[in-house]
J.: 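Just passing along the structure, written as structure tokens.
Just the heavy atoms: all of them, side chains too, but no hydrogens, waters or symmetry mates, feed the values below. Within every chain, numbering begins at 1; the chains are lettered A, B, ... in the order of the sequence lines, protein sequences first and strands thereafter.
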Protein chains: 2
Amino acid sequence: MPAKRSESKPLETAADTKPKAADRIRSTARELFYREGIRAIGVEEIVSRAGVTKPSLYRSYASKDELAAEYLRDYELAFWQVFEAGKETYPDDARAQLMAYLEGLAQRATQIGYRGCGLTNAVVEYPGDDHPARKVAEEHKRKFRERLVQLSTAMGAKQPDTLADGLLLLLEGTYASGQMFGPKGPASSLVKVAEQLIDASMR
Amino acid sequence: MPAKRSESKPLETAADTKPKAADRIRSTARELFYREGIRAIGVEEIVSRAGVTKPSLYRSYASKDELAAEYLRDYELAFWQVFEAGKETYPDDARAQLMAYLEGLAQRATQIGYRGCGLTNAVVEYPGDDHPARKVAEEHKRKFRERLVQLSTAMGAKQPDTLADGLLLLLEGTYASGQMFGPKGPASSLVKVAEQLIDASMR
DNA sequence: TGACAATGTTACCGATCGGTACGTAGCATT
DNA sequence: AATGCTACGTACCGATCGGTAACATTGTCA
């Protein structure tokens, strides 16, 4: 008997040893939910594209809504990785860190087929505050706003809260307008505008 | 014989004399589509809340998609009325006109239950560019951007296109973040941030 | 080898989706 | 009174929605 636990639950390895099907479902759902929207994609299309069947989905995820929430949790993780990527490149330079993300975002948001922020899109798709996916999104945005206040403070803004709000508005505006306008959209002015706003927040 | 036309089409009055059912459907659809989202609302719920039946809907509108497009056309009309309301209050003062809209928007976007811009929401709901509702929304946003360039030019900005883009980003950001954050959201900083950005665009 | 748990599959459920065929009530003109 | 036209309602269509019961297969231990 392995020296783990004497309980009758041998499920401990199942928590980290992910079944192959669940992962395929996860990644397929992520791609389809993001590209087409959550409401637009049925579970049948997810499992068929993932090469599995519906019961496999419902053994790993309680419902489509929960799968959507899980998708957003994955999305959030990936977001923070991209957003904080500048930390290593420019340590001790909050402004450079932020601008690095803004430059990358401006690039992506002016590509054709850009779909904005998956978390923001979920909020638009589910106005009622009872949906699990929306809760994930709202909680993330709250954290994101706090992070922008941190960065604004580190940049030496006179009113960090106001600058953080301004940056958040610009970012959300980029997510949204990036999917309405083509490559020559307003997102192409993001960096210049952000520079102006940050400069104006300094003196 | 009335001195109209000798043709065999007595449908001329039908074009302006709207049937009552179509109007009820229109206003009901507008409210439900905006509050809950287009994909979230079925035609059955529209007609039942309007007190009519489905065939009445499909006699006036070719499809649900077309009804959604019509809803956005109505929405756009109402939008321009609100946006251009400052024209009468502050003629020959582009900045005051714009700020009047921004102040009103900041108020609305910090109310609980705010749902953002119906046109932007439609773009998020329908990523494919073939949906009639999305076409209405995209066309409107293009016109809106041009209008912001006009206003930025009239304000005397050094780079009117850049200021217009910055304002558009702030506005779209307000529409989006207004429905994620509560009353104390980033939209409450819209006016202050916009002032900073406009000032910075002048010298 | 054999027991067991996890993951796989086939086939189906009731509900709801957008959309329509068909009958009828009201009202004008003849 | 009969006709033609418009507007509306009843009842229904096939397709798809999210979700599940029952069974087969596989891998991993003793």
J.: Just report the end-to-end axis angle for the helix from dT1(C)-dA30(D) to dT30(C)-dA1(D), five pairs per end, to 10 degrees.
T.: 10°
J.: To the nearest Å, give me how far apart CD1 (Ile25(B)) and P (dG19(C)) are.
T.: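 From Ile25(B) CD1 to dG19(C) P: 13 Å.
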J.: Look up atom CD in Gln111(B) and atom CZ in Arg108(B), then write down how far apart they are to the nearest 0.5 Å.
T.: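 Interatomic distance, Gln111(B) CD to Arg108(B) CZ, rounded to 0.5 Å: 10.0 Å.
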J.: A quick test of your reading: do over 12 heavy atoms of other residues, nucleotides or ligands sit less than 6.0 Å from CZ of Arg147(B)?
T.: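 Buried by this count: over 12 neighbours within 6.0 Å.
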J.: Quick check for you: to the nearest 0.5 Å, what is the distance between Thr28(B) atom OG1 and Phe33(B) atom CZ?
T.: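 Interatomic distance, Thr28(B) OG1 to Phe33(B) CZ, rounded to 0.5 Å: 10.5 Å.
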J.: Atom CD of Glu36(A) and atom P of dC17(D): how far apart are they, to the nearest Å?
T.: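 One finds 13 Å between P of dC17(D) and CD of Glu36(A), rounded.
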J.: Using a strict threshold of under 4.0 Å (side-chain N to carboxylate O), is an ion pair present between Glu172(B) and Lys141(B)?
T.: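 Judged by the 4.0 Å cut-off on N to carboxylate O distance, Lys141(B) and Glu172(B) do form a salt bridge.
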J.: Write down the distance between CD1 (Ile41(A)) and P (dT16(D)), rounded to a whole number of angstrom.
T.: 14 Å
J.: Might you work through the side chain to side chain donor-acceptor pair (under 3.5 Å) test for Arg95(A) and Tyr90(A), ending with a clear yes or no?
T.: CA-CA 9 Å; Arg95(A) 178 160 178 168; Tyr90(A) 310 99; over 6 Å; no
J.: Please report whether the ring centroid of His140(B) lies less than 6.0 Å from that of Phe79(B).
T.: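 Phe79(B) vs His140(B): aromatic centres under 6.0 Å.
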J.: Contacts to DNA chain C from residues 64-73 of chain A, heavy-atom cutoff under 4.0 Å, which residues?
T.: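 Residues of residues 64-73 of chain A under 4.0 Å from DNA chain C: none.
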J.: Please report the shortest heavy-atom distance between Ser188(A) and Thr110(A), naming the atom on each side.
T.: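 Closest approach of Ser188(A) to Thr110(A): N-CG2, 3.8 Å.
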J.: From CZ of Arg39(B) over to P of dC17(D), roughly how many Å is that when rounded to an integer?
T.: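 These atoms are roughly 11 Å apart.
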J.: Is Arg134(A) paired with Asp129(A) through a side-chain N to carboxylate O contact shorter than 4.0 Å?
T.: no
J.: Return the value, rounded to whole Å, for the distance between atom OH of Tyr61(A) and atom P of dG18(D).
T.: 16 Å
J.: Does atom CD of Gln107(B) have more than 12 heavy-atom neighbours, drawn from other residues, nucleotides or ligands, at distances under 6.0 Å?
T.: no
J.: Just the rounded figure in Å: distance from C1' of dG19(C) to CD of Glu45(B).
T.: 18 Å
J.: Under 4.0 Å between any heavy atoms, over every strand shown, what does Ile46(B) touch: base, sugar-phosphate, or nothing? Just pick one.
T.: nothing
J.: Tell me: CZ of Arg24(B) to C1' of dA7(D), nearest whole Å?
T.: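 Value for this atom pair: 14 Å.
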J.: Could I get a table of every N or O pair under 3.5 Å where one atom is in the protein and the other is in nucleotides 20-26 of chain D?
T.:
none

J.: Would you check if the distance from the ring center of Phe83(A) to the ring center of Phe144(A) is below 6.0 Å?
T.: yes
J.: Between Tyr175(B) (side chain) and Asn121(B) (backbone), is there a donor-acceptor pair under 3.5 Å?
T.: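 No, the answer is negative, given that no donor and acceptor are paired below the 3.5 Å cut-off.
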J.: Find which nucleotide of DNA chain D each of Ser56(B) and Glu44(B) is nearest to by heavy atoms, and output the residue with the more 5' nucleotide.
T.: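 The 5'-side residue here is Ser56(B).
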J.: How long is the line joining CD1 of Ile38(A) and P of dG18(D), in whole Å?
T.: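 Ile38(A) atom CD1 is separated from dG18(D) atom P by 12 Å.
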